[in-house]
Amino acid sequence: MQIAIIGAGNVGGTLGKAWARAGHSIIYGVPDPAQAKYRPTAEAAGGARLTTVAEAAQQAEAVVLAVPFDKVDAALAAAGNLSGRILIDVTNPLRMGASGLELALGFNRSGGEYVARHASGAAVFKTLNQVGIAVMADAAGYAAPPLMFVAGDDASRKPKVMGLVSDLGFKAMDAGPLSISRLLEPFAMLWIHMVLNQKEPSDSAFAFLAREGR
Ligand SMILES: NC(=O)c1ccc[n+]([C@@H]2O[C@H](COP(=O)([O-])OP(=O)(O)OC[C@H]3O[C@@H](n4cnc5c(N)ncnc54)[C@H](OP(=O)(O)O)[C@@H]3O)[C@@H](O)[C@H]2O)c1
């Protein structure tokens, strides 16, 4: 699939490389494509093209939003009309609070729903926000495939998103509608807490297990 990744940082770079390895074609949309700093990331993603956010978004079937949450408005404004596109929102609405990283919103609203309101015309899915890049880079070697929930309202496009998540080695699980982002973003915060504060390894992953024989 032609995948546009908006943002070529830790997550954008990791996902681009892993999807290129799985046979997908990557195009990066970045604020200033002429900057040399993005080139190693593009090279590592199968020689991905670097272009503007608008051009990348127009050329792909799936657009991955991989920017800090406070850059979401600017990135979506630059992307323009996303009608007919799948938009995979990997962001987490984080901010620095008095005692460290915390969620900037939640309970009865979510970053995923915020993104859907601003991503004109796109079928928005929240996924790939729940663990760190060490798992996204290489999901092999665990006792069971690492879990990755997928939430989104467009049932006809969800299998494609589940397929992209599975291509990374995750056990993709349909978590229901996009409003379930209200649970998936605190779930990501739990992972961050376990790694940052409880000092668990940064390649730790979640699993969702069925009893044998079921
Ligand atoms: N890091 C993780 O393990 C992890 C895991 C799951 C989810 N997430 C979430 O994923 C998102 C990205 O995290 P990250 O760690 O990859 O951040 P990062 O390393 O800081 O990278 C952010 C990228 O976004 C780009 N960017 C900023 N403003 C932009 C705009 N208006 N248009 C296009 N690109 C823009 C930046 O480009 P410049 O360098 O030019 O500013 C940079 O390439 C965050 O919302 C984070 O909460 C992170």
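Counting starts at 1 for both ligands and their atoms, following the listed order. Computed from heavy atoms alone, side chains included, the values below leave out hydrogens, waters and symmetry copies.
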(request) List the closest protein heavy-atom neighbour of atom 25 (C) of ligand 1: residue, atom name, distance to the nearest 0.1 Å. (result) Gly7 CA, 3.8 Å

(message) Between Asp89 and Tyr114, is there a side-chain donor-acceptor contact under 3.5 Å, judged purely by atom types and distance?
(response) no

(message) Can you give me the closest heavy-atom contact between Phe170 and Leu147, atom names plus distance?
(response) CD2-O, 3.9 Å

(request) Please tell me if the side chains of Ile88 and Leu164 come closer than 4.5 Å, counting only heavy atoms from C-beta onward. (result) yes

(message) Going by the closest heavy atom to atom 30 (C) of ligand 1, which one wins out of Pro31, Ala78, Ala134?
(response) Pro31

(message) Give me the residue, atom name and distance of the protein heavy atom closest to atom 16 (O) of ligand 1.
(response) Val11 N, 2.8 Å

(request) Search all heavy atoms of Ser181 against all heavy atoms of Ala151 and return the closest pair with its distance. (result) N-CB, 4.4 Å

(request) Over all heavy atoms of both residues, which pair between Arg21 and Ala137 is shortest? Give the atoms and the distance, please. (result) NH2-O, 3.0 Å

(message) Salt bridge check, Lys160 against Glu61: does any charged N sit closer than 4.0 Å to a carboxylate O?
(response) yes

(request) Just jot down the ligand 1 atoms closer than 4.0 angstrom to any heavy atom of Tyr38, in number order. (result) 37 (O), 38 (P), 40 (O)

(message) I need the contact type for Met136 against ligand 1. Using non-hydrogen atoms and a strict under-4.0 Å cut-off, is it side chain, backbone, both or neither?
(response) side chain

(message) Return the closest protein heavy atom for atom 20 (O) of ligand 1 as residue, atom name and distance.
(response) Pro68 CG, 4.2 Å

(message) Yes or no: does Lys37 have any heavy atom under 4.0 Å from an atom of ligand 1?
(response) yes

(message) Would you say NZ of Lys17 has more than 12 non-hydrogen atoms from neighbouring residues, nucleotides or ligands within 6.0 angstrom?
(response) no

(message) Out of Asn92, Asp73, Val53, Ile192, who is nearest to atom 32 (N) of ligand 1 when you count heavy atoms only?
(response) Val53

(message) Taking the ring of Phe149 and the ring of Phe206, is the distance between their centroids below 6.0 Å?
(response) no

(request) Name the closest protein heavy atom to atom 27 (C) of ligand 1, giving the residue it belongs to and the distance to 0.1 Å. (result) Lys71 CG, 3.9 Å

(message) I'd like to know whether Trp19 forms a side-chain contact (heavy atoms from CB on, under 4.5 Å) with Ile26, so could you lay out the CA-CA distance, the side-chain angles of the two residues, the decisive distance to 0.1 Å, and finally the verdict.
(response) CA-CA 8 Å; Trp19 272 324; Ile26 309 300; 3.9 Å; yes

(request) Please report the shortest heavy-atom distance between Thr91 and Asn129, naming the atom on each side. (result) O-CB, 3.9 Å

(request) List every atom of ligand 1 that sits less than 4.0 Å from any heavy atom of Val90, numbering the atoms from 1 in the order shown and giving each element. (result) 7 (C), 8 (N), 9 (C), 10 (O)

(message) Contact between ligand 1 and Val72 is defined here as a heavy atom of the residue under 4.0 Å from a ligand atom; is it met?
(response) no

(message) Can you report which non-hydrogen protein atom sits closest to atom 42 (C) of ligand 1, along with the distance?
(response) Gly9 N, 3.9 Å

(request) Please check if a non-hydrogen protein atom sits closer than 4.0 Å to atom 36 (C) of ligand 1. (result) no

(message) On a heavy-atom basis, I'd like to know which of Thr127, Ile133, Val131 is closest to atom 5 (C) of ligand 1.
(response) Val131

(request) Identify the protein heavy atom lying closest to atom 44 (C) of ligand 1, giving its residue, its atom name and the separation to 0.1 Å. (result) Val67 O, 3.3 Å

(message) Suppose I only count heavy atoms of Ile6 and a 4.0 Å limit; which atoms of ligand 1 are within that range?
(response) 33 (C)

(request) State, yes or no, whether a side-chain contact exists between Tyr28 and Thr51 at a heavy-atom distance under 4.5 Å. (result) no

(message) Suppose I only count heavy atoms of Asn129 and a 4.0 Å limit; which atoms of ligand 1 are within that range?
(response) 6 (C), 7 (C)

(request) Find all atoms of ligand 1 within a distance of less than 4.0 Å from any non-hydrogen atom belonging to Phe69, and give their numbers and elements. (result) 45 (O)

(request) List every atom of ligand 1 that sits less than 4.0 Å from any heavy atom of Gly132, numbering the atoms from 1 in the order shown and giving each element. (result) 3 (O)

(message) Out of all atoms in ligand 1, which are within 4.0 Å of some heavy atom of Leu128? Include the element for each.
(response) 6 (C)

(request) May I ask you to check whether His24 and Asp167 show a side-chain donor-acceptor distance below 3.5 Å? (result) yes

(message) Leu168 vs Met136, test: side-chain contact (heavy atoms from CB on, under 4.5 Å). Steps then yes/no.
(response) CA-CA 7 Å; Leu168 297 169; Met136 299 187 214; 5.5 Å; no

(message) I need the atoms of ligand 1 closer than 4.0 Å to a non-hydrogen atom of Ala66, numbered in the order shown.
(response) 12 (C), 22 (C), 23 (C), 24 (O)

